[in-house]
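In what follows, every heavy atom counts, from backbone to side chain, and hydrogens, waters and symmetry copies are set aside. Note that the coordinates shown come from a computational prediction; the quantities given were computed from them, not determined experimentally. Heads up: numbering here begins at 1 and tracks the sequence.
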Amino acid sequence: MKKTFYFCFSTLLLLFILPACSSEGTPSATVEKFGEYMKSEKYDKILDLMDMGEDITDAQLNFTRQLFSSTMEVAAKEMKEQNGGLKKIEAVSEERSADGKEATVKTRTYFENGETEDGEMDLVLIDGKWKMKTGF
């Protein structure tokens, strides 16, 4: 059950969170901002950190916001039940593409029960801001 939860949370992280954070200048700062928003349950702010694509309509964005918020609330509740909740997400290292427009950040997620989980997030530079890739 615990592994299933971690798999589901990691998948959500990869689909929504990793792929799209906007930052204060570096890919690592964007990832850590994402962690702050997750911990403080500011799910609407997380979407601002994500690359939602150029062709998304306002209606699609509003629907995505509603779906994302409710999905993240459920995931956060399960995370809290399984491991006490999220403590922080730390950027361990980052590697940028040769053209400097994409980056991969290796992460370490710390949970309140003392457990950790390693992962990585892919980001893209859009209009001078680092955003997590979403696949949208």
task = Determine the minimum heavy-atom distance between Thr26 and Ala29, stating which atoms define it.
result = OG1-N, 3.0 Å
query = Closest approach of Asn113 and Gln82, non-hydrogen atoms and distance?
reply = ND2-O, 4.1 Å
query = When rounded to the nearest 0.5 angstrom, what is the spacing between CD in Glu36 and NZ in Lys45?
reply = 12.0 Å
task = Inspect the surroundings of CG in Asp58 and state if more than 12 heavy atoms from other residues, nucleotides or ligands are less than 6.0 Å away.
result = no
query = To the nearest 0.5 Å, how far apart are CG in Leu61 and CD in Gln66?
reply = 10.5 Å
ask   = side chain to side chain contact (heavy atoms under 4.5 Å, CB included) with Thr57: which residues, sequence neighbours excluded?
value = Ala59, Gln60
task = In plain terms, say whether Glu112 and Lys39 are close enough for a salt bridge, that is, a side-chain N and a carboxylate O under 4.0 Å apart.
result = yes
remark   = Smallest heavy-atom separation, Thr107 atom then Glu120 atom, equals OG1-N, 3.7 Å
inquiry  = To the closest 0.5 Å, what do you measure between CG (Asp122) and CG (Asp51)?
reply    = 11.5 Å
Atom of Phe68, atom of Leu47 and distance for their closest heavy-atom approach = CD2-CG, 3.8 Å
query = In the single-linkage hydrophobic clustering (I, L, V, M, F, W, Y; side-chain heavy atoms under 4.5 Å), do Ile89 and Val92 co-cluster?
reply = no
task = State plainly whether the residues Arg65 and Asp48 are in salt-bridge range, i.e. N to O under 4.0 Å.
result = yes
request  = For the pair Ser69 (side chain) and Tyr43 (backbone), establish whether a donor and an acceptor sit closer than 3.5 Å, ignoring hydrogens and angles.
outcome  = no
query = What residues, two or more places apart in sequence or in another chain, satisfy salt bridge (Lys or Arg N to Asp or Glu O under 4.0 Å) together with Lys101?
reply = none
note = Of all heavy-atom pairs linking Val105 and Pro27, the shortest is CG2-CB, 3.6 Å
ask   = Taking only residues two or more places apart in sequence, or in another chain, which ones meet Glu102 in a side chain to side chain donor-acceptor pair (under 3.5 Å)?
value = Lys133
task = Check side chain to side chain contact (heavy atoms under 4.5 Å, CB included) between Tyr110 and all other residues, then give those that pass, not counting sequence neighbours.
result = Lys87, Lys88, Glu90, Arg108, Thr116
note = side chain to side chain donor-acceptor pair (under 3.5 Å) filter on Lys42, not counting sequence neighbours, yields none
Any residue meeting side chain to side chain donor-acceptor pair (under 3.5 Å) with Glu94, in chain and number order, not counting sequence neighbours = Ser28, Arg96
query = At what distance, to the nearest 0.5 angstrom, does CE of Met79 lie from CE of Met72?
reply = 6.0 Å
message = Using the side chain to side chain donor-acceptor pair (under 3.5 Å) criterion, which residues pair with Glu73? Sequence neighbours excluded.
response = none
inquiry  = I want to check something: taking the side chain as every heavy atom from C-beta on, are Met38 and Ile46 in contact at a cut-off of under 4.5 Å?
reply    = yes
note = Here the gap from Ser97 atom OG to Leu123 atom CG, rounded to the nearest 0.5 Å, amounts to 11.0 Å
